[in-house]
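What you see is a predicted model, and the numbers here were worked out from it, not measured in a lab. In this chain, residues are counted from 1 in sequence order.
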Amino acid sequence: MQDRKLGKRAPKHDPRTYRLGRVLAVRLPAVPTARDWSQNVPYQMWGNDRFGCCAFAAHAALVATWTKAAQSLVMLSTETVLANYAALTGFNEQAGYDPGTILLDELNAWRRDGLLRPGQTRDYLTAYGSIVPTDVVGIRRAIAYLGGVLAGVQVPQGFLDLGLGETWDWEAISDHTPAGGHAIALVGYNPDGVFFNTWGTRTFMPWSTFTRIADEAYGLLSRENWLGIPGTAPTGEDFDALLAEVRAA
């Protein structure tokens, strides 16, 4: 596990969390065969080689992906990522306290309190909702129309033994020993699988692998970072109607 760390804690299930998959299916029924927002995004390690800050590295990856496509590229520094991690979890490098992150806690803080990013005081998530990880069509729809999905996976040791950027294929590894939880940003897909950022590298895994190892997934609505991509992102009334349904739930 050299040069890479895990850090996603067990999922927290809150019955109040909006189920996003079903409303996306009604409002955005057509799903493109393939969509990839990750091409040429300069992903970084963001400290995840030294600390279990994967949830906040995924936030940085999503902001970079969204802004490169929608506006102009915004890159968080490693210092900002670690500051966001510390603010939520109490992470302290000097004290050796590196507790990892509950994704639902991160999402609630992102929406309620905002997270640090360059160019402004806070980056506020507009809304979010859960998607069943085995709902491949729902995952694809959220990536295509909302620009990305925050997902949690349980990583087998065999994936940690791969080189950075090598395909994560459950059937191609022999060591399936559970190594721990990890947060990843899903930022593209094709009929065969999903593209994601992990440890600073655009990586691919087949759908059969994702549905096996994923234990949580969230579609994200970011008016600030994403709204306004012609023909792909919900705009105007569609976004507002979707947001109203999420907030009313």
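- Phe51 and Met45 fall within a single hydrophobic cluster, where Ile, Leu, Val, Met, Phe, Trp and Tyr are joined by side-chain heavy atoms under 4.5 Å apart, directly or via other members.
- No side-chain heavy atom of Glu216 sits under 4.5 Å from any side-chain heavy atom of Leu104.
- Annotation: side chain of Asp49 is not in contact with side chain of Trp199 (no heavy-atom distance under 4.5 Å).
- The structure places CZ of Arg122 at 7.0 Å from CG of Asp113, a figure rounded to the nearest 0.5 Å.
- Hydrophobic clustering keeps Val132 apart from Val153 (ILVMFWY residues linked when any side-chain heavy atoms are closer than 4.5 Å, directly or through intermediates).
- Gly181 approaches Leu6 most closely through the heavy-atom pair O-CB, 3.3 Å.
- Using modelled atom types, no side-chain atom of Arg35 and backbone atom of Tyr189 make a donor-acceptor pair closer than 3.5 Å.
- Using a distance-only test at 3.5 Å, with no hydrogens or angles considered, no donor-acceptor pair links the side chain of Trp207 to the main chain of Thr134.
- Separating the OG atom in Ser130 from the CG atom in Leu107 is a distance of 10.5 Å, to the nearest 0.5 Å.
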Would you check, one step at a time, whether the test side chain to side chain contact (heavy atoms under 4.5 Å, CB included) holds for His182 with Ile213? CA-CA 10 Å; His182 190 46; Ile213 68 173; over 6 Å; no
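- Note: Leu146 CG to Ser222 OG = 10.0 Å, rounded to the nearest 0.5 Å.
- Two different hydrophobic clusters hold Leu186 and Phe204 under the rule that ILVMFWY side chains link at heavy-atom gaps under 4.5 Å.
- Note: Thr67 OG1 to Trp226 CH2 = 10.0 Å, rounded to the nearest 0.5 Å.
- Of the possible donor and acceptor atoms, one in the side chain of Tyr85 sits under 3.5 Å from a partner among the backbone N and O of Gly100.
- Side-chain contact check for Val41 versus Val187: every heavy-atom pair is 4.5 Å or farther apart.
- Residues Pro178 and Gln154 are not in side-chain contact: their nearest non-hydrogen atoms beyond the backbone lie 4.5 Å or more apart.
- Nearest heavy-atom pair across Thr211 and Pro133 is CG2-O, 3.9 Å.
- No side-chain donor-acceptor contact under 3.5 Å links Thr89 and Tyr97.
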Could you give me the CA-CA distance, side-chain angles and deciding distance for Leu62 and Leu220, then say whether side chain to side chain contact (heavy atoms under 4.5 Å, CB included) is met? CA-CA 10 Å; Leu62 287 163; Leu220 313 176; 3.5 Å; yes
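- Ala58 and Leu150 get closest at one heavy-atom pair: CB-CD1, 3.7 Å.
- At a threshold of 4.5 Å between non-hydrogen side-chain atoms, the residues Asn225 and Arg117 count as touching.
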Tell me, with the steps shown, if Met205 and Val194 meet side chain to side chain contact (heavy atoms under 4.5 Å, CB included). CA-CA 6 Å; Met205 76 172 102; Val194 62; 3.6 Å; yes
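- Taken to the nearest 0.5 Å, the CZ atom of Arg141 stands 9.5 Å off from the CD1 atom of Ile131.
- Within the 4.5 Å cutoff, no side-chain heavy atoms of Asp192 are placed close to those of Pro206.
- A donor-acceptor pair under 3.5 Å links the side-chain atoms of Trp46 to the main chain of Leu76, judged by distance alone.
- For Ile173 against Gly158, the heavy-atom pair with the smallest separation is CD1-CA, 3.9 Å.
- Phe195 and Ile143 are assigned to two separate hydrophobic clusters, defined by single-linkage of ILVMFWY side chains at heavy-atom distances under 4.5 Å.
- Expressed to the nearest 0.5 Å, how far CG of Asp123 lies from CZ of Arg111 amounts to 14.0 Å.
- Checking Gln157 against Asp175 by side-chain atom types alone, no donor-acceptor pair falls below 3.5 Å.
- Side chains of Glu106 and Asn84 form no contact here, defined as non-hydrogen atoms less than 4.5 Å apart.
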Checking salt bridge (charged side-chain N to carboxylate O under 4.0 Å, His left out) for the pair Asp98/Lys5: CA distance, chi angles, key distance, verdict? CA-CA 11 Å; Asp98 187 10; Lys5 299 291 184 182; over 6 Å; no
Worked check of side chain to side chain contact (heavy atoms under 4.5 Å, CB included) between Thr78 and Arg50: CA-CA 11 Å; Thr78 297; Arg50 297 174 290 140; 4.0 Å; yes
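- Cation-pi geometry between Arg202 and Tyr43 is not met at under 6.0 angstrom from the ring centre and within 45 degrees of the axis.
- Between Tyr128 and Trp110, the distance separating the two ring centers is not shorter than 6.0 angstrom.
- For the pair Ala217 and Val149, the tightest heavy-atom approach, listed with the atom from each and the gap, is CB-CG1, 4.1 Å.
- Looking at Trp170 and Ser208, their side chains never come closer than 4.5 Å, going by heavy atoms from C-beta outward.
- The two residues Asn197 and Ala57 make their nearest non-hydrogen contact at ND2-O, 4.5 Å.
- Looking at Lys8 and Asp215, a side-chain N of the basic residue comes within less than 4.0 Å of a carboxylate O on the acidic one, giving a salt bridge.
- Side-chain atoms of Trp37 never come within 3.5 Å of backbone atoms of Trp66 as a donor-acceptor pair (strictly under, hydrogens ignored).
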